[in-house]
**Student:** 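Take a look at the following structure, please.
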Amino acid sequence: MFSGRINFSDLNSPLVIDGEGIFFGSSGLHPFQHRLLFTEILISRKRVAIFNSERFSDESSGFLDEKSVRDELIDDRIKQYHLRFLDFSAIIIDRESLTFSCHASSIVYAPFYLKHDPGGVSIDWDYRRLLKDTDIDVAWDVVITQIQGIMPYGHRTVVEGVVRTTAGAILAASKNGIEISLPYPVTFSAPFDQIDNGDIERHFISALEALLGARPLENRRTAVELSGGMDSALSSMIAKNLLGDGLFSITAQFDGTMGAAQQERCTALIQAGGFDNLNLPAARLAPFGETSLRRVRYGVMPEDESYPEIFEASLGVAQAAGIDTLISGLGGDELYVIYEDEDGGRNREHAANCPFLTEAGQNYARTVHISYPAGWLAESCWYSSASRSQRLLRHGIWPVYPYQNIQLSQFISKLPYKYRSNRNILRKSISLLLNNDMYERAYVKETFDPVAIRGIKENESYLSELVRSSRISNHKYLKNNKILSSIRSDFDKIDRHTYNCLFQTLKVLCFFQ
């Protein structure tokens with residue numbers, strides 16, 4: 001969670017530390033400053049270590065006084081940070097070798113990006129600032145895999161030469177470039193066949209309460225996301241129990257049968273939680289519209305969330321209302337790991353052929369894809385956190401994702417199948433808190449698809465011109481005419497896989513316009 005610039009020639013310069021950042025020579029670093037974070041600076045004879053971390057309720061915020069320490073203490077401190085269940089980032093400067101390294105936690109809510117040049121490295125948690133007024137090269141292997149639908153998680157981005165910090169990894173920067181050291185993969189052990197405790201849902205609720213309660217949250221400055229789904233339902237009710245009535249909540253209203261069912265669930269949650277709710281009409285904020293950041297070059301990276309239009313609007317209102325913390329159900333879907341021998345292999349997914357790639361392009365995408373080492377969190381958790389982080393931080397809002405926690409994931413992974421299957425422990429836990437079993441009954445799951453399709457239809461002319469002029473769609477691996485014809489398709493008849501591929505392809509084209 002840093003921004004700034006590090007020149008290799010400055011790494012031996014004296015430090016100047018003030019309330020704005022850390023400066024040395026012509027270089028400077030600005031840790032992200034927030035009420036829920038602190039910055040710690042350790043200085044040894046050989047190194048300078050700068051930590052930017054979430055804080056516990058009993059820890060001070062802001063800049064902590066720099067300390068002079070023995071060199072080996074810096075390594076010990078890095079290990080201690082990894083044992084905390086809160087997020088952190090660190091930059092370690094080696095004064096002797098004139099290099100530095102970047103570390104990230106295993107949950108990595110907010111990565112930062114690095115752009116290397118011969119003199120040093122530009123750093124920012126906001127890629128838009130990092131890329132402003134620059135010509136960039138396309139990282140074609142990453143782009144093609146994304147269009148294929150593989151969506152790889154890793155340190156590389158769609159921009160050649162721009163990398164980001166990733167979960168548990170170390171980025172080492174020198175005059176020769178940036179190298180990555182990946183974390184060791186974790187191994188899931190077999191779950192328990194059965195457990196004696198018949199009150200496991202209350203243990204689950206208590207664990208989530210402890211994860212949220214450990215942070216210095218404040219009622220008037222905290223918002224919860226209410227999608228109508230199970231994950232946000234439980235996290236919002238846990239927040240209400242800890243912080244009381246009157247929390248700011250954010251919902252998006254959809255149309256049709258799905259929207260009616262979603263609104264019924266949200267209404268029940270708002271009444272039970274005593275939330276002050278902001279309800280945004282999703283159809284009025286459809287993707288690709290004239291005011292969308294997608295229409296700005298480098299405005300929305302293809303790795304970002306699928307729906308920044310409504311996210312920008314809701315965060316703007318939240319910021320104006322004094323909100324600086326957002327509690328979300330992000331990561332809930334991935335918490336309930338299902339082992340291969342428990343579902344007959346039905347849980348395994350493979351990327352289907354993309355109709356907008358040639359056969360050579362599809363083969364290329366599968367050849368170049370490299371999986372990230374397995375962690376206690378699923379890749380999609382890290383991916384989703386990274387996709388929205390800079391948008392939140394731009395509004396001065398820090399995210400809290402209670403489901404994205406190593407210890408919680410380990411706990412859930414050991415539960416018998418009956419608790420994890422169909423997310424039964426989550427459903428029953430919500431029933432306990434709401435005194436309502438609506439989430440244990442079948443319900444119409446919320447989806448952004450109708451709004452996204454509306455966005456494509458309403459902006460057909462803009463998107464068609466984008467495809468015709470794009471350096472991406474004219475690549476030899478892409479079927480330009482197929483993309484154009486799909487934009488003009490009858491979306492009532494198009495299959496969901498083709499629609500998903502089209503939406504992902506359009507996100508890539510918008511970024512490089």
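Hydrogens, waters and symmetry mates play no part in the numbers below; they use all other heavy atoms, side chains included. Residues take their numbers from the sequence shown, with the count starting at 1.
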**Student:** Nearest 0.5 Å, please: how far is CD1 in Ile150 from CD1 in Ile144?
**Tutor:** 10.5 Å
**Student:** To the closest 0.5 Å, what do you measure between OG (Ser314) and CG (Leu326)?
**Tutor:** 8.0 Å
**Student:** Could you give me the CA-CA distance, side-chain angles and deciding distance for Ser53 and Glu40, then say whether side chain to side chain donor-acceptor pair (under 3.5 Å) is met?
**Tutor:** CA-CA 8 Å; Ser53 174; Glu40 180 181 25; over 6 Å; no
**Student:** Taking Asp10 for its side chain and Ser13 for its backbone only, find out whether a donor-acceptor pair lies under 3.5 Å.
**Tutor:** no
**Student:** Does atom CD1 of Ile370 have more than 12 heavy-atom neighbours from other groups under 6.0 Å away?
**Tutor:** no
**Student:** Can you see whether Glu225 engages Ser232 through a side-chain donor-acceptor pair at a distance of less than 3.5 angstrom?
**Tutor:** no
**Student:** Examine distances only and state if a side-chain atom of Ser292 and a backbone atom of Gly289 form a donor-acceptor pair shorter than 3.5 Å.
**Tutor:** no
**Student:** Does any N or O in the side chain of Tyr307 come within less than 3.5 Å of the main-chain N or O of Ala282, such that one atom is a donor and the other an acceptor?
**Tutor:** yes
**Student:** Classify the ring geometry between Phe512 and Tyr298 as parallel (under 30°), tilted (30 to 60°) or perpendicular (over 60°).
**Tutor:** perpendicular
**Student:** Between Asn52 (side chain only) and Thr39 (backbone N and O only), is there a donor and an acceptor less than 3.5 Å apart?
**Tutor:** no
**Student:** Any idea which heavy atoms bring Ala49 and Phe51 closest together, and the distance?
**Tutor:** CB-CE1, 3.7 Å
**Student:** Could you point out which residue of Arg295, Glu290, Arg294 forms a side chain to side chain donor-acceptor pair (under 3.5 Å) with Asn459?
**Tutor:** Arg295
**Student:** Is there a donor-acceptor pair closer than 3.5 Å between any side-chain N or O of Tyr81 and the backbone N or O of Phe88?
**Tutor:** no
**Student:** Establish, from distance only, whether the side-chain atoms of Tyr364 and Glu359 form a donor-acceptor pair under 3.5 Å.
**Tutor:** no
**Student:** Any side-chain donor-acceptor pair under 3.5 Å between Tyr372 and Thr166?
**Tutor:** yes
**Student:** Does atom NZ of Lys507 have more than 12 heavy-atom neighbours from other groups under 6.0 Å away?
**Tutor:** yes
**Student:** May I ask you to test the Pro302-Gln504 pair for a side-chain heavy-atom distance under 4.5 Å?
**Tutor:** yes
**Student:** Is there side-chain contact between Arg423 and Asp231, with heavy atoms separated by less than 4.5 Å?
**Tutor:** yes
**Student:** Looking at every non-hydrogen atom in both residues, tell me the closest pair between Val467 and Leu509 and how far apart they are.
**Tutor:** CG2-CD1, 3.7 Å
**Student:** Would you say that more than 12 heavy atoms from the other residues, nucleotides or ligands in this model lie under 6.0 Å from the CZ of Arg468, or not?
**Tutor:** yes
**Student:** What is the minimum heavy-atom distance between Gln362 and Leu357, and which atoms define it?
**Tutor:** NE2-O, 3.1 Å
**Student:** Ignoring hydrogens and angles, state whether a donor on the side chain of Asp87 or Ser105 is under 3.5 Å from an acceptor on the partner side chain.
**Tutor:** yes
**Student:** Could you tell me which non-hydrogen atom of Ser106 sits nearest to which non-hydrogen atom of Leu377, and how far apart they are?
**Tutor:** O-CD1, 3.9 Å
**Student:** So Ile472 and Trp140, do their side chains get closer than 4.5 Å, heavy atoms only?
**Tutor:** yes
**Student:** Is the backbone N or O of Leu478 less than 3.5 Å from a side-chain atom of Thr358, with the two atoms forming a donor-acceptor pair by type?
**Tutor:** no
**Student:** List the steps, then state whether side chain to side chain donor-acceptor pair (under 3.5 Å) holds for Trp382 with Gln404.
**Tutor:** CA-CA 9 Å; Trp382 299 322; Gln404 295 191 14; over 6 Å; no
**Student:** Is the shortest side-chain heavy-atom distance between Asn12 and Phe24 below 4.5 Å?
**Tutor:** no
**Student:** For the salt bridge (Lys or Arg N to Asp or Glu O under 4.0 Å) test, which of Arg95, Lys46, Arg47, Arg77 pairs with Asp71?
**Tutor:** Arg47
**Student:** Decide yes or no on ring-ring contact (aromatic ring centres under 6.0 Å, His included) for Phe23 and His30, but give the supporting numbers first.
**Tutor:** CA-CA 9 Å; Phe23 304 94; His30 303 274; 5.5 Å; yes
**Student:** Just by distance, with hydrogens left out, do His475 and Ser473 show a side-chain donor and acceptor under 3.5 Å apart?
**Tutor:** no
**Student:** With a cut-off of 6.0 Å (strictly less than), are more than 12 heavy atoms of other residues, nucleotides or ligands near CG of Asp490?
**Tutor:** yes
**Student:** Please determine if Arg297 forms a cation-pi arrangement with Phe511, meaning its NZ or CZ atom is less than 6.0 Å from the six-membered ring centre and no more than 45° off the ring axis.
**Tutor:** no
**Student:** Please tell me if the side chains of Arg5 and Ser26 come closer than 4.5 Å, counting only heavy atoms from C-beta onward.
**Tutor:** no
**Student:** A quick test of your reading: do over 12 heavy atoms of other residues, nucleotides or ligands sit less than 6.0 Å from CD of Gln80?
**Tutor:** yes
**Student:** Please check if any side-chain donor atom of Ser470 sits under 3.5 Å from a side-chain acceptor atom of Gln513, or the reverse.
**Tutor:** no
**Student:** Compute the ring centroids of Phe288 and Phe503, then answer whether they are less than 6.0 Å apart.
**Tutor:** yes
**Student:** Kindly compute the distance separating CD1 (Ile147) from SG (Cys501), expressed to the nearest 0.5 Å.
**Tutor:** 9.5 Å
**Student:** Counting only heavy atoms from other residues, nucleotides and ligands, does the tally under 6.0 Å from CD of Glu460 exceed 12?
**Tutor:** yes
**Student:** Among side-chain atoms of Gln407 and Trp376, is any donor-acceptor pair under 3.5 angstrom?
**Tutor:** no
**Student:** Provide the closest heavy-atom pair for His497 versus Pro355 in the form atom of the first, atom of the second, distance.
**Tutor:** NE2-CD, 4.2 Å
**Student:** Yes or no on ring-ring contact (aromatic ring centres under 6.0 Å, His included) for Phe32 and Trp125, after CA distance, side-chain angles and deciding distance?
**Tutor:** CA-CA 9 Å; Phe32 186 75; Trp125 50 260; 5.5 Å; yes
**Student:** Check for a donor-acceptor pair, side chain of His395 on one end and backbone N or O of Arg391 on the other, with a separation under 3.5 Å.
**Tutor:** yes
**Student:** Is Arg164 reaching over with its side chain to a backbone N or O of Gly154, donor-acceptor style, under 3.5 angstrom?
**Tutor:** yes
**Student:** Report yes or no: does Glu309 contribute a side-chain atom to a donor-acceptor pair with the main-chain N or O of Ala286 at less than 3.5 Å?
**Tutor:** no
**Student:** With a 6.0 Å cut-off on ring centres, are Phe448 and Phe254 close enough?
**Tutor:** yes
**Student:** Under the 3.5 angstrom rule, does the side chain of His103 hit a backbone N or O of Ile92 as a donor-acceptor pair?
**Tutor:** no
**Student:** Indicate the atoms forming the closest heavy-atom contact of Ala139 with Arg156, along with that distance.
**Tutor:** CB-NH2, 3.6 Å
